[in-house]
Q: 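My structure is below; once you've seen it, I'll send some questions.
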Amino acid sequence: MTSPAAPRRYTAVAILLHWLIALGILALIAMGLVMAHADIPPMQRFQLYQWHKSVGLTVLMLALLRLVWRLFHRPPPLPATMPAAERRAASAAHLVLYGLMLGLPLVGWALVSASPFNIPTVLYGVVPWPHLPGFAELSNKAAVEGALKLVHAYGAWILGALVVLHVAAALRHHLVLRDDTLWRMLPGLRRPQAAPLPQPSGSAR
Ligand code: HEM
């Protein structure tokens, strides 16, 4: 029995989830930095927190969906020319990215659940969202919240650094190595024709 040919591109669902999550993460880092560090009026800060929690929990759900989709849909193979060390580095970076896409929002949810202020979360001002079970009964909520805030902030920096690395690697594949790596994650674009190689001078063709 012959196995089906490997796909050349990611599925439309995987591409949609990839770009929605990417957009969400960039927005969350920007919102997180402003709400935690900028000198803004209290009401604006409160609203930013609400947006941050809503988008963060949306990213958590999209990342879960993406993980399930990934388990049932084979991704296109890496370029055959890619050295083994680079393959291992790419796989490790993708694994850590998945871990942070899921872990960081979970830590955010946990820190909100542990807060002694017990501020409710209402997704986009519409859907009431519960606190994580077990945190309401803690006797040392402030200490747990403080520790989770640190983990959340350091996790966000690591995620930000990995995103920069990920974008740099994708651009290197596209602009320097000129392979299919970025193209197969772009929505609905035809594969551009490879530019003809320059011919040595004096060549008849
Ligand atoms: C991928 C998802 C997420 C990313 C990338 C992210 C990113 C960030 C960043 C960059 C900060 C500022 C950290 C600092 O410098 O102090 C922050 C703070 C915060 N995040 Fe998130 N976040 C995510 C998900 C969530 C979720 C799901 C929640 C809650 C449901 C949440 C709740 C908070 C809260 C309450 C703070 C303020 C912490 C403080 O006051 O120090 N985050 N986040």
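Along the sequence shown, residues are numbered consecutively beginning with 1. Note that the structure is a prediction, hence the values are computed from the model and not measured. Whatever order the structure lists ligands and atoms in, that order sets their numbers, starting from 1.
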Q: As an exercise, identify every atom of ligand 1 less than 4.0 angstrom from a heavy atom of H37.
A: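 So the atoms of ligand 1 that pass are 14 (C), 15 (O), 16 (O).
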Q: Distance alone, cut at 3.5 Å: any donor-acceptor contact between the side chains of W69 and T11?
A: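 Distance-only check passes for W69 and T11.
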Q: Within the supplied structure, the quantity of interest is the number of heavy atoms (other residues, nucleotides, ligands) at a distance under 6.0 Å from H166 NE2; does it exceed 12?
A: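 At most 12 heavy atoms, drawn from other residues, nucleotides or ligands, come within 6.0 Å of this atom.
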Q: Give the minimum heavy-atom separation between K53 and T121, together with the two atoms involved.
A: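 Closest heavy-atom pair between K53 and T121: NZ-OG1, 3.1 Å.
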Q: Can you hop from I25 to L33 via hydrophobic side chains spaced under 4.5 Å?
A: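 Yes, it is one cluster - the side chains of I25 and L33 are joined through contacts under 4.5 Å.
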Q: Within ligand 1, which atoms have a heavy atom of V112 less than 4.0 Å away?
A: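 It comes down to these atoms of ligand 1: 29 (C), 35 (C).
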Q: Distance under 4.0 Å to a non-hydrogen atom of L111: what atoms of ligand 1 satisfy this?
A: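 Selected atoms, number and element: 35 (C).
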Q: Report yes or no: does R9 contribute a side-chain atom to a donor-acceptor pair with the main-chain N or O of W183 at less than 3.5 Å?
A: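 Yes, because the side chain of R9 sits within donor-acceptor range (under 3.5 Å) of the backbone of W183.
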Q: Could you verify whether a donor N or O on one side chain and an acceptor N or O on the other, from D180 and H173, lie under 3.5 Å apart?
A: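 Result is no, nothing qualifies.
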Q: Any idea which atoms of ligand 1 are less than 4.0 Å away from a heavy-atom of A36?
A: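 Ligand 1 atoms under the 4.0 Å threshold to A36: 16 (O).
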Q: Counting heavy atoms only, which of S115, S113, A153, G24 is nearest atom 13 (C) of ligand 1?
A: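 It is A153 that holds the nearest heavy atom.
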Q: Can you confirm whether more than 12 heavy atoms, excluding those of F46, are under 6.0 Å from its CZ atom?
A: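 No - once you tally the heavy atoms of other residues, nucleotides and ligands closer than 6.0 Å, there are 12 at most.
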Q: For atom 21 (Fe) of ligand 1, count the protein N, O or S atoms found under 2.8 Å away.
A: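 N, O or S atoms of the protein closer than 2.8 Å: 2.
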Q: Please work out which of the three classes, parallel, tilted or perpendicular, describes the rings of H152 and H52, given edges at 30° and 60°.
A: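 Judged by the thresholds at 30° and 60°, the geometry between H52 and H152 is perpendicular.
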Q: So is M35 close enough to ligand 1, meaning a heavy atom under 4.0 angstrom away?
A: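 M35 counts as a contact of ligand 1 under the 4.0 Å cut-off.
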Q: For atom 40 (O) of ligand 1, find the nearest protein heavy atom and state the residue, atom name and distance (0.1 Å precision).
A: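 Minimum-distance protein heavy atom for atom 40 (O) of ligand 1 reads Y49 OH, 3.1 Å.
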Q: Could you work out, with salt bridge (charged side-chain N to carboxylate O under 4.0 Å, His left out) as the rule, every residue matching R172, not counting sequence neighbours?
A: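 Counting only residues at least two positions away or on another chain, R172 forms a salt bridge (charged side-chain N to carboxylate O under 4.0 Å, His left out) with E86.
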Q: For atom 41 (O) of ligand 1, what is the nearest protein heavy atom, given as residue, atom name and distance?
A: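 Checked against all protein heavy atoms, atom 41 (O) of ligand 1 sits closest to K149 CD, 3.4 Å.
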Q: Could you state whether L162 and L23 fall into the same hydrophobic cluster, counting links through intermediate Ile, Leu, Val, Met, Phe, Trp or Tyr residues with side-chain heavy atoms under 4.5 angstrom apart?
A: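 L162 does not cluster with L23.
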Q: So is W109 polar-close to ligand 1, meaning N/O to N/O under 3.5 Å?
A: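 Checking ligand 1 against W109, no N or O pair falls under 3.5 Å apart.
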